[in-house]
Asks: 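Below are the structure tokens for one structure; questions will follow.
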Amino acid sequence: MPPPAAAQRGPRIRIPPPLLVAAWFFAGYGVDRLLPLRIPEAVAPVSRPLGWLLVVLGVAFSLWAMGRFRWARTTVLPFKAATTLVIEGPYRFSRNPIYLGLLVGYLGVALVAGLIWPLLLVPLVQSSLRGLAIDAEEAHLRERFGEQYLKYRRRVRRWL
């Protein structure tokens, strides 16, 4: 039996999640221009290398996750209908490894730039990803894959 029409159209995501994450970073940067808060120079020798490490890890994790989508021949675009439920690779640890990679990379860029405001906005970044992307994606996957998705969801956490 084919999935219902709603499941075939894909999640209703209006803002691409990477753009959403970038918007929050630039919002933090903008606040920083008005009310500067910097990572203390005494911490910079540790924060900058840590930041670069987080950028590399975040990009690598996201690319690994996207590669699993491509290998499964399903879309990586979050507003298109999924054709396969991917539960291998990084999806064994996180239901949202691409978004997790984006968040880790976001933290890394903030540390490299020495900016505190973007770091303070991380809870808002995470909650907006959930409210504007993840919830819609999960509803789509539940509709599209039913019990198979529900079993996966019970076994694997959203973030880590």
Side-chain angles (χ1 to χ4, degrees), residues 6 9-70 74-82 85-87 89-143 149 152-160:
R9 84 167 164 259
R12 293 185 177 256
I13 295 175
R14 302 195 193 302
I15 302 170
L19 185 60
L20 182 64
V21 172
W24 278 112
F25 184 85
F26 287 112
Y29 178 78
V31 172
D32 182 78
R33 303 304 287 162
L34 298 172
L35 300 166
L37 287 177
R38 296 281 188 277
I39 292 174
E41 281 303 314
V43 179
V46 173
S47 68
R48 285 190 183 99
L50 175 61
W52 282 114
L53 176 64
L54 291 176
V55 168
V56 169
L57 289 175
V59 169
F61 205 61
S62 290
L63 289 175
W64 182 25
M66 289 188 285
R68 295 308 301 178
F69 272 33
R70 296 213 188 281
T74 192
T75 184
V76 72
L77 300 174
F79 44 83
K80 298 236 180 184
L85 181 62
V86 178
I87 60 173
Y91 294 91
R92 292 174 298 167
F93 314 110
S94 170
R95 294 195 315 259
N96 298 290
I98 296 172
Y99 300 153
L100 180 59
L102 282 172
L103 278 175
V104 169
Y106 173 101
L107 290 169
V109 171
L111 289 173
V112 168
L115 300 172
I116 291 183
W117 282 108
L119 296 174
L120 295 175
L121 295 179
V122 166
L124 296 174
V125 178
Q126 186 177 8
S127 65
S128 66
L129 276 173
R130 182 171 179 197
L132 297 173
I134 293 170
D135 289 346
E137 288 179 7
E138 289 187 345
H140 167 71
L141 293 172
R142 195 170 43 251
E143 238 177 276
Y149 173 71
Y152 169 68
R153 184 177 165 166
R154 284 190 293 269
R155 201 174 64 248
V156 178
R157 294 171 57 133
R158 177 174 283 130
W159 296 102
L160 270 182

Asks: Looking at NE2 of H140 and CZ of R12, how far apart are the two atoms once the value is rounded to the nearest 0.5 Å?
Replies: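 Spacing of NE2 (H140) from CZ (R12) equals 12.0 Å.
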Asks: Ignoring hydrogens, what is the shortest heavy-atom contact between G131 and D135? Give both atom names and the distance.
Replies: CA-OD2, 3.9 Å
Asks: Do side-chain atoms of W117 reach the backbone of L35 as a donor and acceptor pair under 3.5 angstrom?
Replies: yes
Asks: Tell me, yes or no, whether the heavy-atom count around R155 atom CZ, taken from other residues, nucleotides or ligands under 6.0 Å, exceeds 12.
Replies: yes
Asks: Say you draw a straight line from CD of E138 to OH of Y149; how long is it, rounded to the nearest 0.5 Å?
Replies: 3.5 Å
Asks: Is the shortest heavy-atom distance from the side chain of P90 to the side chain of F61 under 4.5 Å?
Replies: yes
Asks: Using side-chain heavy atoms (C-beta onward) and a distance below 4.5 Å, is L132 in contact with I13?
Replies: no
Asks: Under the criterion side chain to side chain contact (heavy atoms under 4.5 Å, CB included), which of N96, L129, L54 is the partner of L103?
Replies: L129
Asks: With a 4.5 Å heavy-atom cut-off, do V109 and L115 have their side chains touching?
Replies: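 Contact flag for V109/L115 side chains = no.
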Asks: Looking at every heavy atom in both Y91 and Y152, which two are closest together, and how far apart are they?
Replies: O-OH, 2.8 Å
Asks: Which atom names give the shortest non-hydrogen contact between T75 and A81, and what distance separates them?
Replies: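 Shortest heavy-atom separation between T75 and A81 comes out as CG2-O, 3.5 Å.
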Asks: More than 12 non-hydrogen atoms from neighbouring residues, nucleotides or ligands closer than 6.0 Å to CZ on R33, yes or no?
Replies: no
Asks: Under the criterion side chain to side chain contact (heavy atoms under 4.5 Å, CB included), I'd like the reasoning laid out for L111 against L119: C-alpha separation, chi angles, the key distance, then a yes or no.
Replies: CA-CA 8 Å; L111 289 173; L119 296 174; 4.0 Å; yes
Asks: Any idea which heavy atoms bring I98 and A65 closest together, and the distance?
Replies: CG1-CB, 3.5 Å
Asks: Does the side chain of R95 come within less than 4.5 Å of L141's, by heavy atoms?
Replies: no
Asks: Among R130, E137, Q126, R158, find the one that has a side chain to side chain contact (heavy atoms under 4.5 Å, CB included) with Y99.
Replies: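 Single side chain to side chain contact (heavy atoms under 4.5 Å, CB included) partner of Y99 among R130, E137, Q126, R158: E137.
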Asks: Give the minimum heavy-atom separation between R153 and R142, together with the two atoms involved.
Replies: NH1-NH1, 3.1 Å
Asks: Looking only at heavy atoms, what is the nearest atom pair of I39 and S47, with distance?
Replies: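 Looking at all heavy atoms of both residues, the shortest contact is CG2-OG, 3.7 Å.
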Asks: Using modelled atom types and a 3.5 Å cut-off, is there a donor and acceptor pairing between side-chain atoms of R48 and backbone atoms of P45?
Replies: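 Not confirmed, R48 side chain does not pair with P45 backbone.
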Asks: Tell me whether Y106 contacts the main-chain N or O of P118 through its side chain, where contact means a donor paired with an acceptor under 3.5 Å.
Replies: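 A pair under 3.5 Å: yes.
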Asks: Determine whether L37 and L120 make a side-chain contact, defined as any pair of heavy atoms from C-beta on separated by less than 4.5 Å.
Replies: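 Heavy-atom side-chain distance check passes, below 4.5 Å.
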Asks: Are side-chain heavy atoms of L160 and F93 found at a separation under 4.5 Å?
Replies: yes
Asks: So, do D32 and R38 sit near enough that their side-chain heavy atoms are less than 4.5 Å apart?
Replies: yes
Asks: Please report the interatomic distance OG1(T74) to CZ(R68), rounded to the nearest 0.5 Å.
Replies: 12.5 Å
Asks: Give the ring-plane orientation class for F26 versus Y29, where under 30° counts as parallel, over 60° as perpendicular and anything between as tilted.
Replies: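 If you compare the ring of F26 with that of Y29, the planes turn out perpendicular.
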